[in-house]
Amino acid sequence: MNLYAQQGYGKGDKLHKGIAGNFLDGVLLSPRDEKTVRMKEFIQDIQTNFPDTQLLFDPQFYYSLYIDATSKNLNECDYYPGNIKLSSLRSLRKLHEIALKSLEYQEQLGLNSLVSPNILVPNFSDRQAQIALSLSEEAAQIANDKGKELYVSLIFSENALNESRNVNDFLNELTTLDVKGYYITIDRKTTNYDQGFESETALVNLLTLIYSLSEINEYEVIMGYSDIIGLLYSAVGASGFGTGWFNSSRKFTVQQRILPSSGGRLPRERYTSTPLLNTLLVSELDSIQTQFTRNGYNLDDILSTSSYEHIIKAGQSPSDTWSRGISHLQHWSSLKNATETIFNDPDDISARLDDLEDHITTAAAKYKLLSNLPIQLEKTSQGLHLNTWLNALKSFRDLHRV
């Protein structure tokens, strides 16, 4: 199970540290957040020094349909058309041209595996869904002619997952494509940084889509902007998932990623607890340590297994030694270790689901302990998502008998 860095603004040496530390198996490249010259230099550097690292390029063509999109460096990419109207995507000839330019651009960057461009689908019964399929078909044919591996990029609204019949109809179309795999991004309903899913039905349908593409039809499925919930996706068959260093690159929303930002303060420093399957504010971890010490509990019970746990323990309080520059590396390290330690038999889906359910149940018990102590946790730090995860997994298992 692979962990990918979801590239965002201000990469600095973050990616090199994550790759060198063996926390990252790959990078999901963002042309919006990197100038072409620097992107090419980075690709050559990684291919030379870390040849086993998988690099996939997200064309981010979907920005072009938003008149006020903050496209940034996309405007210097020769395949990116700037703002266009949906009506301009009617002809197969135009879709062929868009796909060809995007794939040729990726070839010029020196990438071995290519990713198709696509548009955001608000509902699988809408016109955009048919355009997305046609664009994927054109890209698949071009990649086959070139003898290149292709991942079809899919980006769709979380709301689209509520209509089970439409999801299944769309899924049937996807399974006809002769491609290596799928790179899937969900436009989430809320910008809050959390691990929840508002609708259990939507989550079950998403898990079904991943399962059908990966386990049943043997495509490779990579889930973008997934964060800790990516462990659920891995359990049902995804080969990997991506997460970044800012909250906006851990969860995709049109408001945060495409439309102009309204500004705001820097996010507060967080700590990733894989025993809790969540992140905590470091100030909250200070309170937990105080209460655990008073009541004879061991803080290690909620700390992750990562390369940075010695830092969180180095001061009198966790916040004494923590920093934003450490937190994203600890996040990657913890998630990578979780993909390797939670699943005892990674080749058996039933075993993976058993292991994950056990881990979720244990996390819920740890949260129960915290609730009995005088500790105030913000809503996003609470374990509210765990029950949704468990219910969705149960429904998924009953539906597919796994």
Side-chain angles (χ1 to χ4, degrees), residues 3 5-6 8 10 12 14 17-18 21-24 192-196 225-231 241-251 265-295 297-342 359-360 362-371 373-386 389:
L3 182 66
Q6 194 86 48
K14 300 178 182 68
K17 286 184 176 180
N22 295 318
F23 317 144
L24 298 174
N192 298 331
Y193 175 57
D194 56 39
Q195 307 303 324
Y225 299 91
S226 296
D227 210 47
I228 301 173
I229 198 172
L231 294 170
F241 61 94
T243 186
W245 46 89
F246 292 137
N247 294 351
S248 61
S249 56
R250 295 180 179 183
K251 178 180 180 180
R265 65 182 184 181
L266 285 172
R268 288 172 289 174
E269 295 169 6
R270 303 190 73 89
Y271 171 84
T272 300
S273 168
T274 49
L276 293 177
L277 292 171
N278 208 355
T279 67
L280 303 169
L281 292 172
V282 178
S283 58
E284 294 171 334
L285 195 60
D286 285 346
S287 298
I288 292 171
Q289 183 193 55
T290 298
Q291 293 301 322
F292 271 31
T293 300
R294 288 176 181 172
N295 290 275
Y297 301 131
N298 190 343
L299 187 65
D300 285 343
D301 287 343
I302 64 166
L303 296 184
S304 300
T305 304
S306 81
S307 301
Y308 296 89
E309 303 312 307
H310 65 286
I311 297 176
I312 204 77
K313 299 177 182 179
Q316 289 189 336
S317 297
S319 61
D320 290 344
T321 51
W322 210 239
S323 71
R324 192 170 292 109
I326 297 170
S327 62
H328 69 272
L329 292 170
Q330 188 266 344
H331 187 66
W332 286 335
S333 179
S334 298
L335 283 180
K336 181 57 183 176
N337 283 338
T339 66
E340 295 173 344
T341 57
I342 290 178
H359 197 89
I360 296 171
T362 300
K366 292 179 186 294
Y367 266 113
K368 180 66 174 177
L369 170 63
L370 293 178
S371 71
L373 298 173
I375 299 168
Q376 293 293 321
L377 299 179
E378 287 196 348
K379 186 176 181 180
T380 57
S381 300
Q382 299 170 18
L384 304 177
H385 59 289
L386 298 176
W389 285 17

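Residue pairs meeting the salt bridge (Lys or Arg N to Asp or Glu O under 4.0 Å) criterion with at least one member in residues 306-333, sequence neighbours excluded, are Asp300-Lys313.
Residues Leu3 and Thr243 form a side-chain contact, since some pair of their non-hydrogen atoms from C-beta on lies under 4.5 Å apart. Looking at heavy atoms from C-beta onward, Thr272 lies in side-chain contact with Ile228 at the 4.5 angstrom threshold. By the 4.5 Å heavy-atom criterion applied to side chains, Lys251 and Asp227 are not counted as neighbours. Residues Asn278 and Thr380 form no side-chain contact, since every pair of their non-hydrogen atoms from C-beta on lies 4.5 Å or further apart.
Partners of Asp286 under the salt bridge (Lys or Arg N to Asp or Glu O under 4.0 Å) rule, at least two apart in sequence or in another chain, do not exist in this structure. A search for ring pair (Phe, Tyr, Trp, His ring centres under 6.0 Å) contacts involving Phe23 returns Tyr308, not counting sequence neighbours. Under the ring pair (Phe, Tyr, Trp, His ring centres under 6.0 Å) criterion, Phe292 pairs with Tyr297, not counting sequence neighbours. With sequence neighbours left out, Lys14 forms a salt bridge (Lys or Arg N to Asp or Glu O under 4.0 Å) with no residue at all. With sequence neighbours left out, the ring pair (Phe, Tyr, Trp, His ring centres under 6.0 Å) criterion links His385 to Trp389.
Here the closest heavy-atom approach between residue Gln195 and residue Ile229 is recorded as OE1-N, 3.3 Å. Minimum heavy-atom separation, Pro275 to Ala363: O-CB, 3.2 Å. For Leu276 against Tyr367, the heavy-atom pair with the smallest separation is O-CE1, 3.5 Å. When every heavy atom of Trp245 is checked against every heavy atom of Gln6, the shortest pair comes out as CZ3-O, 4.1 Å.
By the neighbour-count criterion of 12 heavy atoms within 6.0 Å, atom NZ of Lys366 is densely surrounded, having more than that number from other residues, nucleotides or ligands.
Once rounded to the nearest 0.5 Å, the distance linking OG1 of Thr274 with CG of Leu303 reads 9.0 Å. In this structure, the separation between CH2 on Trp322 and CZ on Arg270 is 13.0 Å, given to the nearest 0.5 Å. In this structure, the separation between OG on Ser283 and CD on Gln376 is 12.0 Å, given to the nearest 0.5 Å. Atom OG of Ser273 is separated from atom NE2 of His331 by 12.0 Å, given to the nearest 0.5 angstrom. Here the CG atom belonging to Leu386 is positioned 6.0 Å from the CG atom belonging to Leu277, to the nearest 0.5 angstrom. Rounding to the nearest 0.5 angstrom, the gap separating the CD1 atom in Ile302 from the CD1 atom in Ile288 is 4.0 Å.
For Arg250 and Ser226, the side-chain atoms include no donor-acceptor pair closer than 3.5 Å. In summary, the side chains of Ser381 and Glu284 do present a donor paired with an acceptor at a separation below 3.5 Å, with no hydrogens or angles considered.
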Show the numbers, then the answer: is there a side-chain contact (heavy atoms from CB on, under 4.5 Å) between Ile342 and Leu231?
CA-CA 9 Å; Ile342 290 178; Leu231 294 170; 4.1 Å; yes
What's the verdict on side-chain contact (heavy atoms from CB on, under 4.5 Å) for Gln330 and Ser304, showing C-alpha distance, side-chain angles and the deciding distance?
CA-CA 9 Å; Gln330 188 266 344; Ser304 300; 3.9 Å; yes
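Although no hydrogens or angles enter the test, the distance criterion places no donor-acceptor pair under 3.5 Å between the side chain of Asn192 and the main chain of Asp194. Of the possible polar contacts, none joining the Trp332 side chain to the Ser327 backbone as a donor-acceptor pair under 3.5 Å is found. Here the side chain of Ser333 pairs a donor or acceptor atom with the backbone of Ser307 at under 3.5 angstrom. Thr339 places a side-chain N or O within 3.5 Å of a backbone atom of Lys336 that can act as its donor or acceptor partner. With hydrogens and angles disregarded, no donor-acceptor distance shorter than 3.5 Å links the side chain of Gln291 to the backbone of Leu373.
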